[in-house]
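Comments concern the structure below.
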Amino acid sequence: MSDDEGRQATMSTAMVEAIATEMRDNDEVFYMGEDVADYGGIFDSTDGLLEEFGHDRIMDVPISETAYIGAAVGAAQAGMRPIAELMFVDFFGVCMDQLYNQMAKNTYMSGANVNVPMVLTTAVGGTYSDAAQHSQTLYGTFAHLPGMKVVVPSTAYDAKGLMHNAIRDDDPVVYMFHKRLMGIGWMPAPDGPKTAVPEEPYTIPFGQADIKREGADVTVVTLGLHVHRALEAAAKLADDGIDVEVIDLRTLVPLDEATILESVQKTGRLVVVDEDYRSFGLTGEVISRVVEAEPDALEAVERLAIPDVPLPYARPLENRVIPDSDDIEDAIRKTQP
Amino acid sequence: MSDDEGRQATMSTAMVEAIATEMRDNDEVFYMGEDVADYGGIFDSTDGLLEEFGHDRIMDVPISETAYIGAAVGAAQAGMRPIAELMFVDFFGVCMDQLYNQMAKNTYMSGANVNVPMVLTTAVGGTYSDAAQHSQTLYGTFAHLPGMKVVVPSTAYDAKGLMHNAIRDDDPVVYMFHKRLMGIGWMPAPDGPKTAVPEEPYTIPFGQADIKREGADVTVVTLGLHVHRALEAAAKLADDGIDVEVIDLRTLVPLDEATILESVQKTGRLVVVDEDYRSFGLTGEVISRVVEAEPDALEAVERLAIPDVPLPYARPLENRVIPDSDDIEDAIRKTQP
Amino acid sequence: MGTVTTTQLRSMYEDMVTARYYEERLQEEYMEGKTPGFDISAGPIPGELHLAAGHEAAAAGVCAHLTDEDTVTAPHRPHHIAIAKGVDLKRMTAEIFGRETGLSAGKGGHMHLFDPDVNFACSGIIAQGCPPAVGAALAAMKRNESSVAVAYLGEGAISQGAFLESLNLASLHDLPVIFVVEDNDWAISMPKGRISVPQDGSKRAAGFDMPGVRIDHDDATAVYEAAAEAVGRARDGNGPTLMSVQVHRRMGHFMGDPETYRPEADQQRHQERDSIERLAADLEAAGVDEDERETIREDAHARVDDAIEWAKDQPEPEPDAALEDVFSNPPSGVTDEDPTPEFAGNGGADR
Amino acid sequence: MGTVTTTQLRSMYEDMVTARYYEERLQEEYMEGKTPGFDISAGPIPGELHLAAGHEAAAAGVCAHLTDEDTVTAPHRPHHIAIAKGVDLKRMTAEIFGRETGLSAGKGGHMHLFDPDVNFACSGIIAQGCPPAVGAALAAMKRNESSVAVAYLGEGAISQGAFLESLNLASLHDLPVIFVVEDNDWAISMPKGRISVPQDGSKRAAGFDMPGVRIDHDDATAVYEAAAEAVGRARDGNGPTLMSVQVHRRMGHFMGDPETYRPEADQQRHQERDSIERLAADLEAAGVDEDERETIREDAHARVDDAIEWAKDQPEPEPDAALEDVFSNPPSGVTDEDPTPEFAGNGGADR
Ligand SMILES: Cc1ncc(C[n+]2csc(CCOP(=O)(O)OP(=O)(O)O)c2C)c(N)n1
Ligand SMILES: Cc1ncc(C[n+]2csc(CCOP(=O)(O)OP(=O)(O)O)c2C)c(N)n1
Ligand SMILES: [Mg+2]
Ligand SMILES: [Mg+2]
């Protein structure tokens with residue numbers, strides 16, 4: 001919506017609405033996860049779905065991620081369209097073989113004789129002192145390994161459209177929702193993610209980044225929570241006459257290189273902001289794509305991410321390592337002539 | 001050794017020699033893995049050790065990577081110095097939680113109250129048609145997650161010194177040996193990895209890249225098998241008057257940024273060659289580090305890696321995606337004025 | 001001999017002699033170019049090769065009860081199971097030779113055979129075929145279909161989380177799935193007693209409230225009968241079964257395995273126990289005489305020779321084909337017209 | 001009441017009332033600033049908080065048999081176990097409040113308490129404490145020490161690969177390790193019957209040739225006696241034991257859990273079963289009267305209040321401390337003089 005008209009919804013509501021619609025339309029869609037039935041998802045990812053669809057289609061599962069996510073792979077190969085939830089992305093290590101050696105590779109290893117139409121939903125992100133085993137985004141970890149489409153919505157509007165596309169997609173999609181954006185009662189979201197959301201279904205194709213704010217002086221490439229932190233920084237800098245363009249990647253695989261390049265050609269300055277670990281990840285990828293495609297476009301570049309340490313617990317420590325809008329502001333200023 | 005004098009050894013011999021020496025010196029060192037005892041390691045990583053140390057210290061284990069690698073974590077926290085082998089790095093998905101949520105993070109999560117002096121050895125790499133589940137290097141996957149030192153030797157000399165350092169190190173070290181370099185009877189190695197190796201112990205500190213060939217016209221940054229492929233390309237290009245510098249990273253964590261920068265300041269041209277997936281990995285990281293530190297140093301840059309597809313089986317397909325010396329030659333030529 | 005009919009005996013025999021001859025022929029082809037110096041990258045068959053001579057009874061005896069609608073997942077040693085499940089022999093062979101017309105267009109190889117026509121798949125990671133088999137069974141239950149799923153694994157895999165978690169999930173929902181442990185005593189160089197307690201994989205069932213059955217001699221008829229019960233139970237909605245079948249490893253773990261860790265007496269013993277001869281005796285008793293069996297064998301051998309011949313004639317894939325098939329769909333996930341409603345086109349843009 | 005002495009009863013009582021009061025006090029502190037509107041980021045205690053009121057008997061009854069040399073790994077709900085194991089209460093509390101003098105200098109928080117002085121560690125990932133406990137037991141065996149290891153887990157964890165694989169590894173080598181399942185009927189919102197068969201975790205032992213014992217009422221004395229046998233068996237080199245102890249979840253899964261999924265009657269039932277009152281009755285019978293118990297309680301409460309007071313007075317860590325402690329050693333791995341022999345300095349350089 002180009003303005004705030006229409007029904008406002010939280011990100012979780014929008015996401016759940018897409019799931020419900022697809023489930024109504026297609027009996028082959030079902031949802032498996034821990035605490036997704038009676039609880040409605042620890043982060044509201046299935047809120048209200050049990051009432052409409054019952055325990056058969058909104059399935060609580062044993063705390064056996066390898067077994068039930070692998071079962072989703074098997075059901076998907078049999079032609080169903082399961083959605084499996086990994087409660088926190090930080091738990092990927094207990095089921096990664098199913099995710100990357102089976103779900104992600106079976107299509108290729110079979111010469112596309114077989115496909116795996118499933119969605120893995122998973123909660124990501126920090127900012128609430130959940131420490132090293134419950135606060136990561138792992139964006140780079142998933143985007144690095146081929147065979148998975150990787151989706152990271154930042155608004156309710158995007159969350160719904162991307163979820164419709166994810167469920168309809170014939171390939172495995174990893175759908176990473178940031179806890180801080182969901183609009184959960186006990187974890188207040190910033191203002192941005194709650195947007196106008198049409199009631200009818202719509203899709204947002206993968207690989208189309210979204211320019212969340214247009215600007216002429218510097219390009220900020222980011223995703224998830226940090227879209228909103230970047231917009232905050234941009235609003236502050238506008239007062240100082242620095243005109244910031246904020247690109248929300250929305251999907252990491254596929255990556256919308258074209259939109260990034262176009263923006264950088266305009267601004268000549270690039271700040272990449274990521275909530276994942278700094279090295280061997282997203283910031284390096286975006287910068288390299290630009291340098292490779294347009295060796296002379298960049299006059300200044302900054303990368304901002306978790307400084308290669310696990311996520312600490314205490315607030316001053318966590319605040320130190322997760323970039324906030326002040327950090328983004330500083331990074332942007334550094335790129336200015 | 002500055003020339004080929006002295007005893008020549010294969011990479012596996014050199015690696016095993018370091019392990020044997022450390023085991024003789026320190027009763028707390030032991031080795032766990034599948035087929036490491038009577039078989040001597042599928043890739044010769046423990047060849048001959050059973051005879052000297054017996055089944056108690058060269059332990060075959062159940063095919064339960066989570067259990068035995070986690071047991072190594074526990075034994076290390078109790079002060080022993082276990083070496084645990086993951087037969088192929090491609091299997092990391094069945095035990096990743098122990099590797100990254102326990103082994104790699106316990107030091108940080110305990111405020112260094114606890115440390116985890118263990119080595120994870122693992123075989124990496126393709127070139128022999130072992131397909132998507134047995135041919136990866138996953139360099140970027142491991143280097144991305146904080147808390148593990150990541151070592152990738154390319155020669156017998158380096159393999160020995162790095163292994164001594166790895167076992168003596170008080171922190172977790174992931175030691176990735178490339179199958180094609182080991183000098184295994186049934187998988188002929190190229191010429192390079194067999195080098196002169198002193199009989200006595202020596203260490204190579206982590207974070208010191210090694211300039212395997214000096215050159216003035218272009219910097220090739222690479223590691224593992226591709227050090228040798230780059231040297232081959234360099235030799236061919238020398239005939240055409242292109243003087244190639246080849247940097248062997250040797251460790252990814254820590255990464256020797258200084259050596260890379262110094263070289264690039266000299267050559268102005270950078271080719272990064274990796275046997276891991278292209279996106280969100282090593283090539284992007286190296287390029288970004290250079291661009292960040294020396295925004296104007298680079299006149300040309302090329303990245304060469306697996307083009308974001310799983311590793312295919314048939315030879316023409318595998319050859320297509322793993323960079324060979326011709327590909328490196330081409331990439332280097334593209335950087336030349 | 002209970003329930004098994006002569007037709008079924010004959011059909012199992014056919015599968016088993018096909019599989020045995022197939023492995024022998026592949027061994028020949030594989031070793032060509034690798035003799036005398038074994039170089040894994042030389043010769044007409046690329047990569048690793050795990051052959052299953054001595055395992056045939058476990059495949060034939062179980063798959064005899066399955067239709068194309070039933071799902072089977074196999075581990076790294078899959079050929080005999082694929083054959084018993086009815087996987088297209090020619091395209092499977094072409095895949096093993098790395099050819100364009102192979103089941104996976106040369107991308108998968110011998111550990112990654114997928115034939116959706118008969119719902120067969122495999123994976124080279126220990127025990128990771130179990131969860132997808134449970135998933136196929138779950139799909140059958142959800143769709144109210146009577147198909148079942150079978151997950152094969154080695155006795156070395158009985159201590160892997162993926163298998164153990166699958167037992168609970170299958171038992172919890174009474175899913176129509178059968179786990180078949182092919183117990184050949186060895187996990188590469190590790191004898192089963194060195195790595196698992198108890199050694200009999202079927203005993204794992206006890207901790208998961210499901211029946212476990214052990215067939216401790218590789219007798220196809222005995223496997224058939226145990227499987228009749230297990231598959232019947234699954235089809236009737238009465239839940240999963242765990243079977244452990246004693247088989248034999250007549251060859252090395254993979255081709256090129258020197259087997260220096262293996263006592264000669266053990267090798268000997270595994271050669272002597274021949275499930276095929278055993279089944280021949282059952283056939284004889286059922287009135288299928290050596291002449292008839294000879295005909296079956298000859299037909300089987302011809303089929304195998306044909307498949308190998310055909311496969312070797314197939315073209316290798318074009319190098320650039322390596323860049324295809326990461327996704328079955330365009331990366332955008334959009335195949336048809338963009339169903340985005342009009343006003344949503346600019347929807348995200350300005351928040 | 002068999003083997004338990006009055007001293008031991010008294011000591012268990014002390015641990016249990018300490019733990020109970022600790023959780024009640026933490027609950028108060030935690031909810032401060034989170035009432036009426038619950039915001040997980042507000043108030044003096046950061047992050048999630050999983051309290052163990054109702055679990056005390058499982059901790060006290062087992063840890064009563066342990067010394068500082070024995071290792072314990074706890075899951076996400078660790079305080080009562082830490083207390084019974086003798087973890088420094090002040091530094092643990094400071095850690096929970098995110099202070100610089102906390103056990104982990106504020107880096108770990110309540111799910112990541114490490115006290116090497118008493119060999120206590122925990123992990124927030126389901127069942128992943130099991131393999132390290134097996135490793136501690138393996139180290140003890142290799143070093144010929146008589147120490148044992150105990151891995152705690154919830155009944156929700158009995159279907160996780162890490163636990164199941166650990167059973168085999170421990171049983172295979174007869175390692176001195178005890179697995180203690182704290183069965184509080186619930187895994188967050190999932191009742192045990194919905195996610196595991198059988199529901200009694202101790203039954204898993206059957207598939208791994210090891211003894212399984214169930215204590216189906218949370219009676220510290222009964223736990224103590226079962227643990228005496230299990231720990232004794234381990235110390236004597238006779239291998240592992242799997243125990244499952246019925247406990248009760250008197251509070252929500254984590255603080256802020258609305259428990260809307262939980263029937264009132266169930267909540268009621270869990271409140272009524274009080275292991276502390278039960279133990280009080282045992283103490284009474286052993287001649288420790290209410291006056292003496294009151295003194296024990298008062299001392300315990302004072303210790304807890306002190307610890308909390310102290311913790312809240314501690315400084316928060318400096319932000320830049322976040323950048324330290326990824327490694328205990330310099331990244332180079334070299335602490336002392338470079339022991340590289342002379343000629344090796346340039347060794348790699350020219351190949
Ligand atoms: C998770 C994992 N760990 C290790 C391996 C390497 N590996 C391949 S086959 C094998 C032995 C398997 O033994 P078993 O299950 O008994 O099957 P068999 O080969 O005897 O048929 C091992 C360890 C693997 N493929 N996956
Ligand atoms: C591998 C993994 N999956 C899921 C979770 C999320 N989680 C945390 S506690 C919990 C429930 C645990 O139940 P139980 O083991 O019975 O312990 P309780 O909380 O009842 O003490 C879950 C699912 C996790 N931490 N790790
Ligand atoms: Mg076997
Ligand atoms: Mg519980």
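First the proteins, then the strands, lettered A, B, ... as listed; each starts at 1.
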Side chain, backbone, both or neither: which part of [X] has an atom under 4.5 Å from a heavy atom of chain D?
X      : value
A/S135 : neither
A/I184 : neither
A/E318 : neither

Residue part contacting chain A, namely of [X], when any heavy atom lies under 4.5 Å:
X      : answer
D/S159 : both
D/Q128 : side chain
D/A162 : neither
D/S123 : both

**Message:** side-chain hydrogen bond (donor to acceptor under 3.5 Å, both in side chains), that's the test. Do D/S189 and A/D35 meet it? Break it down for me.
**Reply:** CA-CA 6 Å; D/S189 72; A/D35 305 290; 2.7 Å; yes
**Request:** Using the six-membered ring wherever Trp is involved, compare the ring planes of A/W186 and D/F254 and label them parallel, tilted or perpendicular (cut-offs 30° and 60°).
**Result:**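 Judged by the thresholds at 30° and 60°, the geometry between A/W186 and D/F254 is tilted.
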**Asked** How are the rings of D/H112 and A/H134 set relative to one another: parallel (under 30°), tilted (30 to 60°) or perpendicular (over 60°)?
**Response**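 Tilted, since the angle between the ring planes falls between 30° and 60°.
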**Item:** Per-residue contacts, residues 48-61 of chain A versus chain D, heavy atoms under 4.5 Å
**Value:**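 A/H55, A/D60, A/V61 fall under the 4.5 Å cut-off.
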Highest number of heavy-atom pairs under 4.5 Å with chain A: which of [options]?
options                     : value
D/G47, D/A127, D/G98, D/G37 : D/G47
D/I40, D/D320, D/V326       : D/I40
D/G108, D/A187, D/P258      : D/G108

Rounded at 0.5 Å granularity, tell me how far [atom1] in [X] sits from [atom2] in [Y].
X      : Y      : atom1 : atom2 : value
D/R194 : A/D38  : CZ    : CG    : 4.5 Å
A/Q133 : D/I125 : CD    : CD1   : 4.0 Å
D/D257 : A/Y39  : CG    : OH    : 4.5 Å
A/I63  : D/I158 : CD1   : CD1   : 10.0 Å
A/S129 : D/I45  : OG    : CD1   : 11.5 Å

**Request:** Check whether any side-chain heavy atom of D/M111 lies under 4.5 Å from a side-chain heavy atom of A/D130, and answer yes or no.
**Result:**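 Yes, their side chains come closer than 4.5 Å.
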**Validation row: D/D39, A/M187 side chains within 4.5 angstrom (heavy atoms)** =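 When only atoms from C-beta onward are counted, A/M187 and D/D39 do not touch, as no gap falls below 4.5 Å.
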**Message:** For D/K203, is the NZ atom crowded, meaning more than 12 foreign heavy atoms sit under 6.0 Å from it?
**Reply:**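 Incorrect, the count does not exceed 12.
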**Asked** Between D/A105 and A/L317, what is the shortest heavy-atom contact and its length?
**Response**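 Where D/A105 meets A/L317 most closely, the heavy atoms are O-CD1, 4.0 Å.
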**Request:** Tell me, with the steps shown, if D/L323 and A/R320 meet side chain to side chain contact (heavy atoms under 4.5 Å, CB included).
**Result:** CA-CA 9 Å; D/L323 307 181; A/R320 171 67 181 81; 3.2 Å; yes
**Message:** Using a 4.5 angstrom heavy-atom cutoff, name the option from A/T127, A/V94, A/T66 with the most pairs to chain D.
**Reply:**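 Of the options given, most contacts go to A/V94.
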**Message:** Tell me if a side-chain donor or acceptor on A/Y313 pairs with a main-chain N or O of D/I96 at a distance below 3.5 Å.
**Reply:**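 Yes; judged by distance alone, with no hydrogens or angles, the pair exists.
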**Message:** Treating D/S41 as the side-chain partner and A/Y128 as the backbone partner, does any N or O pair qualify as donor plus acceptor under 3.5 Å?
**Reply:**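 Flag not set: sc D/S41 to bb A/Y128 has no pair under 3.5 Å.
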